[in-house]
Peer 1: 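Dropping the structure in here first, questions after.
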Amino acid sequence: MQILTPHVYWAQRHGEIYLRVELSDTKNLEINLQDNTIQFKAQGHGAKGDNEYKFSLEFFETIRPEIEHKSTHHQVDIKIKKQEERWWDRLTLQEKKPLFLAPDFNRWLDESDAEMELQAKEEEQIKKINVESRIQKDPHLSLKKGYLFMYNLVQFLGFSWIFVLMTVRLFILGQDSFYDTFHIAADVMYFCQMMAVLEVINPLLGLVKTGFFPAMIQVAGRNVILFVVFGCLDEMQTKSVVFFVFYLWSTIEVFRYPFYMLACIGMEWKLLTWLRYSLWILLYPLGVVAEAVAVIQSLSIFDATQLFSLPLPALLGHYLSFSYTLQLYLILLFLGLFINFQYLYKQRRRHYQFRKGKVH
């Protein structure tokens with residue numbers, strides 16, 4: 001059976017080989033590179049009408065095992081990269097040119113023309129680099145990174161001190177360590193949570209790309225628990241729930257802040273990244289549950305002491321208890337859990353997609 005070959009036109013550059021196969025309406029296209037040889041087979045309309053056409057070419061020098069091709073209505077364009085960027089004396093290893101092969105004069109350049117084209121491309125690339133280098137970079141970038149690094153370092157040290165102190169006391173004293181947690185750790189926790197207000201300000205100033213509302217929900221929620229529920233009620237300061245709230249907060253932060261520290265200097269520790277994006281899935285909801293327990297335990301105390309209650313006219317009653325505000329806060333607490341959990345989950349997924357090259 002006669003093997004039908006299409007008309008093939010070729011041209012070269014220092015780094016590439018171009019083939020143009022005159023075959024229209026191609027189907028069942030197969031192009032393979034093996035042992036420095038290209039093998040082509042396709043069904044299409046060529047010089048002998050609608051038939052199956054095939055050809056193979058063994059190249060003059062070594063090529064890379066990668067190929068680019070594009071089929072149009074009239075032809076198939078193929079680009080193959082040379083192993084070394086140099087000018088070939090001919091296309092095929094055999095000196096005698098196949099009858100179906102001819103120069104592609106639309107792309108054809110001799111060696112000197114190709115060198116001029118390559119030089120022009122290099123000059124264009126140099127111009128592009130020079131233009132990009134003249135674009136003014138943020139003159140305060142180093143200062144911003146330094147500030148963010150120091151902020152995260154201070155927060156890491158503060159929460160680490162709380163975490164280590166509570167862990168050591170738990171091993172030594174057992175359950176007895178639950179009831180005086182506030183008195184031994186509150187000062188440092190006050191400092192860390194006041195510093196955390198900067199996490200709400202930083203997105204507004206454009207220093208970080210994290211969302212403003214998720215940061216505000218978390219910081220405001222924690223400060224209500226710390227400064228209002230624990231800080232204003234002596235009866236709450238000796239309850240075991242303080243231990244669980246403080247311990248869950250500090251456990252989350254001893255992994256979150258060093259992750260951000262390394263990000264400021266362009267470094268990543270894979271284990272730390274995994275812990276930062278995985279532990280919160282368990283710890284964050286547990287922290288919210290512990291905060292809710294603290295609020296519920298404080299309701300009767302606010303009713304009894306009338307602290308922060310609003311006086312009302314005699315016809316309406318004596319006062320409006322602050323506990324009603326906290327009951328509304330409980331609803332907002334779990335709504336904030338839902339919003340923050342979605343945000344953190346999207347952050348986690350986006351981070352790992354970026355590392356796999358799926359997000360640009």
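Sequential numbering from 1 along the given sequence is applied to the chain's residues.
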Peer 1: For Tyr260 and Gln155, does a side-chain donor sit closer than 3.5 Å to a side-chain acceptor?
Peer 2: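 Absent: no donor and acceptor within the cut-off.
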Peer 1: Which of parallel (below 30°), tilted (30 to 60°) and perpendicular (above 60°) describes Tyr257 and Tyr151?
Peer 2: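 The arrangement is perpendicular - the two ring planes meet at more than 60°.
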Peer 1: Less than 4.5 Å apart, any side-chain heavy atom of Glu52 and any of Lys41?
Peer 2: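 Result yes, sub-4.5 Å side-chain heavy-atom pair found.
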Peer 1: For residues 228-235, which side-chain N or O atoms pair as donor and acceptor with protein atoms under 3.5 Å away, sequence neighbours left out?
Peer 2:
none

Peer 1: Is there a donor-acceptor contact under 3.5 Å from the side chain of Tyr329 to the main chain of Gly221?
Peer 2: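 Yes, the answer is positive, given that a donor and an acceptor are paired below the 3.5 Å cut-off.
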Peer 1: With sequence neighbours excluded, what pairs up with Ser71 under the side-chain hydrogen bond (donor to acceptor under 3.5 Å, both in side chains) test?
Peer 2: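 None.
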Peer 1: Side-chain contact test, heavy atoms from C-beta onward, threshold under 4.5 Å: evaluate it for Met195 versus Phe191 and give yes or no.
Peer 2: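 Side-chain contact under 4.5 Å: yes.
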Peer 1: Counting C-beta onward and ignoring hydrogens, is there a side-chain heavy-atom pair between Arg276 and Trp274 closer than 4.5 Å?
Peer 2: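 No - every pair of side-chain heavy atoms lies 4.5 Å or more apart.
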Peer 1: Does Glu66 have more than 12 heavy atoms from other residues, nucleotides or ligands lying within 6.0 Å of its CD?
Peer 2: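 Yes - once you tally the heavy atoms of other residues, nucleotides and ligands closer than 6.0 Å, there are more than 12.
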Peer 1: Trp280 side chain to Tyr277 main-chain N or O, any donor-acceptor pair under 3.5 Å?
Peer 2: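 Here the side-chain-to-backbone pair exists.
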Peer 1: If you count the non-hydrogen atoms of other residues, nucleotides and ligands that lie under 6.0 Å from CH2 in Trp269, is the total more than 12?
Peer 2: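 No.
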Peer 1: Taking all heavy atoms of Met166 and all of Thr181, pick out the closest pair and write down the distance.
Peer 2: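 So the minimum-distance heavy-atom pair works out to CE-CG2, 3.7 Å.
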Peer 1: Side chains of Ile162 and Met189: closer than 4.5 Å at any heavy-atom pair?
Peer 2: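 SC-SC contact between Ile162 and Met189 confirmed.
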Peer 1: So that I know where these two stand, are Phe244 and Phe178 an aromatic pair - ring centroids less than 6.0 Å apart?
Peer 2: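 Between Phe244 and Phe178, the centre distance is under 6.0 Å.
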Peer 1: Excluding sequence neighbours, so at least two apart, what forms side-chain hydrogen bond (donor to acceptor under 3.5 Å, both in side chains) with Lys82?
Peer 2: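 By the side-chain hydrogen bond (donor to acceptor under 3.5 Å, both in side chains) rule, Lys82 matches Gln12.
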Peer 1: Can you get from Val245 to Phe302 by hopping between Ile, Leu, Val, Met, Phe, Trp and Tyr side chains that sit under 4.5 Å apart?
Peer 2: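 Yes, same cluster.
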Peer 1: Suppose we screen for salt bridge (Lys or Arg N to Asp or Glu O under 4.0 Å). Which residues come up paired with Asp104, at least two apart in sequence or across chains?
Peer 2: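 Here the qualifying residues are Arg20.
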Peer 1: Within a 6.0 Å radius of atom CG on Leu99, are there more than 12 heavy atoms belonging to other residues, nucleotides or ligands?
Peer 2: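 12 or below, so no.
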Peer 1: If you measure from the Lys or Arg side-chain nitrogens to the Asp or Glu carboxylate oxygens, is any gap between Glu30 and Lys54 under 4.0 Å?
Peer 2: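 Judged by the 4.0 Å cut-off on N to carboxylate O distance, Glu30 and Lys54 do not form a salt bridge.
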Peer 1: Would a distance-only check, ignoring hydrogens and angles, find a side-chain to backbone donor-acceptor pair under 3.5 Å from Arg90 to Thr92?
Peer 2: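 Yes.
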Peer 1: Evaluate the side chain to side chain contact (heavy atoms under 4.5 Å, CB included) criterion for residues Val254 and Val164: first the C-alpha distance (whole Å), next the side-chain angles of each, then the deciding distance (0.1 Å), finally the verdict.
Peer 2: CA-CA 10 Å; Val254 295; Val164 172; over 6 Å; no
Peer 1: Would you say the side chain of Phe243 lies within less than 4.5 Å of the side chain of Tyr179, judging by non-hydrogen atoms?
Peer 2: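 Result no, sub-4.5 Å side-chain heavy-atom pair not found.
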Peer 1: Is the closest side-chain donor-acceptor distance between His69 and Asp77 under 3.5 Å?
Peer 2: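 Asp77 and His69 do not have a side-chain donor-acceptor pair below 3.5 Å.
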Peer 1: Sequence neighbours excluded, which residues qualify as salt bridge (Lys or Arg N to Asp or Glu O under 4.0 Å) partners of Arg169?
Peer 2: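 Arg169 satisfies salt bridge (Lys or Arg N to Asp or Glu O under 4.0 Å) with Asp180 once adjacent residues are dropped.
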Peer 1: Does Ile78 form a side chain to side chain contact (heavy atoms under 4.5 Å, CB included) with Ile31? I'd like the steps, not just the answer.
Peer 2: CA-CA 9 Å; Ile78 303 171; Ile31 305 175; 3.9 Å; yes
Peer 1: Please name the residue in the list Asp35, Ile38, Leu91, Thr37 that meets the side chain to side chain contact (heavy atoms under 4.5 Å, CB included) test with Glu58.
Peer 2: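 Option passing the side chain to side chain contact (heavy atoms under 4.5 Å, CB included) with Glu58: Thr37.
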Peer 1: Between the side chains of Tyr324 and Asp303, does any donor sit under 3.5 Å from an acceptor?
Peer 2: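 On atom types as modelled, these side chains do not qualify, holding no pair under 3.5 Å.
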Peer 1: If we only count heavy atoms from C-beta on, is the Leu93 to Leu57 side-chain gap below 4.5 Å?
Peer 2: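 Leu93 does not reach Leu57 side chain to side chain.
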Peer 1: With side chain to side chain contact (heavy atoms under 4.5 Å, CB included) as the criterion, how do Leu328 and Thr325 come out once you've worked through the C-alpha distance, each side chain's angles and the decisive distance to 0.1 Å?
Peer 2: CA-CA 5 Å; Leu328 176 62; Thr325 304; 5.7 Å; no
Peer 1: Return the minimal non-hydrogen interatomic distance between Gly44 and Leu23, and the atom names on each side.
Peer 2: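 In terms of heavy atoms, the two residues are closest at C-CD1, 3.9 Å.
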Peer 1: Residues two or more places apart in sequence or in another chain: which of them pass side-chain hydrogen bond (donor to acceptor under 3.5 Å, both in side chains) with Tyr247?
Peer 2: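 Scan of Tyr247 (side-chain hydrogen bond (donor to acceptor under 3.5 Å, both in side chains), adjacent residues dropped) gives Thr167.
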Peer 1: Distance-only, no hydrogens or angles: does the Gln94 side chain make a donor-acceptor pair with backbone N or O of Lys96 under 3.5 Å?
Peer 2: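 A pair under 3.5 Å: yes.
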Peer 1: Taking only distance into account, with no hydrogens and no angle test, what donor-acceptor pairs under 3.5 Å do side-chain atoms of residues 290-300 form with protein atoms, sequence neighbours excluded?
Peer 2:
from: Glu291; atom 1: OE2; to: Trp249; atom 2: NE1; distance (Å): 2.9
from: Ser298; atom 1: OG; to: Val295; atom 2: O; distance (Å): 2.7

Peer 1: Less than 4.5 Å apart, side chain to side chain, heavy atoms only: is that true for Met194 and Phe227?
Peer 2: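 Heavy-atom side-chain distance check passes, below 4.5 Å.
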Peer 1: With Glu253, which residues qualify under salt bridge (Lys or Arg N to Asp or Glu O under 4.0 Å), at least two apart?
Peer 2: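 Partners of Glu253 under the salt bridge (Lys or Arg N to Asp or Glu O under 4.0 Å) test: Arg222, Arg256.
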Peer 1: Looking at Ala220, is its backbone amide N or carbonyl O close enough to the side chain of Asn223 to form a donor-acceptor pair, meaning the two atoms are under 3.5 Å apart?
Peer 2: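 Answer holds: no.
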Peer 1: Scan for ring-ring contact (aromatic ring centres under 6.0 Å, His included) pairs involving residues 24-57, sequence neighbours excluded, and state none if there are none.
Peer 2: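 For residues 24-57: Phe40-Phe55, Phe55-Phe100.
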Peer 1: Kindly say whether the aromatic ring centers of Phe246 and Phe163 come within a distance under 6.0 Å.
Peer 2: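 Not under 6.0 Å, so no.
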Peer 1: Following the transitive rule for hydrophobic clusters with a side-chain heavy-atom cut-off under 4.5 Å over Ile, Leu, Val, Met, Phe, Trp and Tyr, establish whether Leu271 and Leu279 coincide in one cluster.
Peer 2: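 Yes, because Leu271 and Leu279 connect within a single hydrophobic cluster, where side-chain heavy atoms sit under 4.5 Å apart.
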Peer 1: Test of understanding: with ring-ring contact (aromatic ring centres under 6.0 Å, His included), list the residues that count as partners of Phe213, not counting sequence neighbours.
Peer 2: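 Here no residue qualifies.
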Peer 1: Less than 4.5 Å apart, any side-chain heavy atom of Pro65 and any of Leu33?
Peer 2: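 In short, these two side chains do not touch, never coming nearer than 4.5 Å.
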Peer 1: Relative to Tyr18, does Arg107 satisfy both conditions: NZ or CZ under 6.0 angstrom from the six-membered ring centre, and within 45 degrees of the ring's axis?
Peer 2: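 Output yes; distance and angle both within limits.
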Peer 1: Can you check side chain to side chain contact (heavy atoms under 4.5 Å, CB included) on His73 and Asp25, steps first, answer last?
Peer 2: CA-CA 5 Å; His73 180 68; Asp25 300 324; 2.9 Å; yes
Peer 1: Keeping Thr72 on the side-chain end and Gln75 on the backbone end, is there a donor-acceptor pair under 3.5 Å?
Peer 2: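 Yes; judged by distance alone, with no hydrogens or angles, the pair exists.
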Peer 1: Taking side-chain hydrogen bond (donor to acceptor under 3.5 Å, both in side chains) as the definition, give me every residue that meets it alongside Ser177, ordered by chain and number, with sequence neighbours left out.
Peer 2: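 Counting only residues at least two positions away or on another chain, Ser177 forms no side-chain hydrogen bond (donor to acceptor under 3.5 Å, both in side chains).
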Peer 1: Are the side chain of Asn36 and the backbone of Ile63 linked by a donor-acceptor contact shorter than 3.5 Å?
Peer 2: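 Checking the backbone N and O of Ile63 against the side chain of Asn36, a donor-acceptor pair under 3.5 Å is found.
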Peer 1: Glu85 and Arg13: salt bridge (charged side-chain N to carboxylate O under 4.0 Å, His left out), yes or no, with the steps?
Peer 2: CA-CA 8 Å; Glu85 293 192 4; Arg13 299 293 186 269; over 6 Å; no
Peer 1: Can you give me every donor-acceptor pair (side chain of residues 305-313, partner residue at least two apart or in another chain, under 3.5 Å) with its distance?
Peer 2:
from: Thr305; atom 1: OG1; to: Ile301; atom 2: O; distance (Å): 2.8
from: Thr305; atom 1: OG1; to: Leu307; atom 2: N; distance (Å): 3.4
from: Ser309; atom 1: OG; to: Gln306; atom 2: O; distance (Å): 3.2

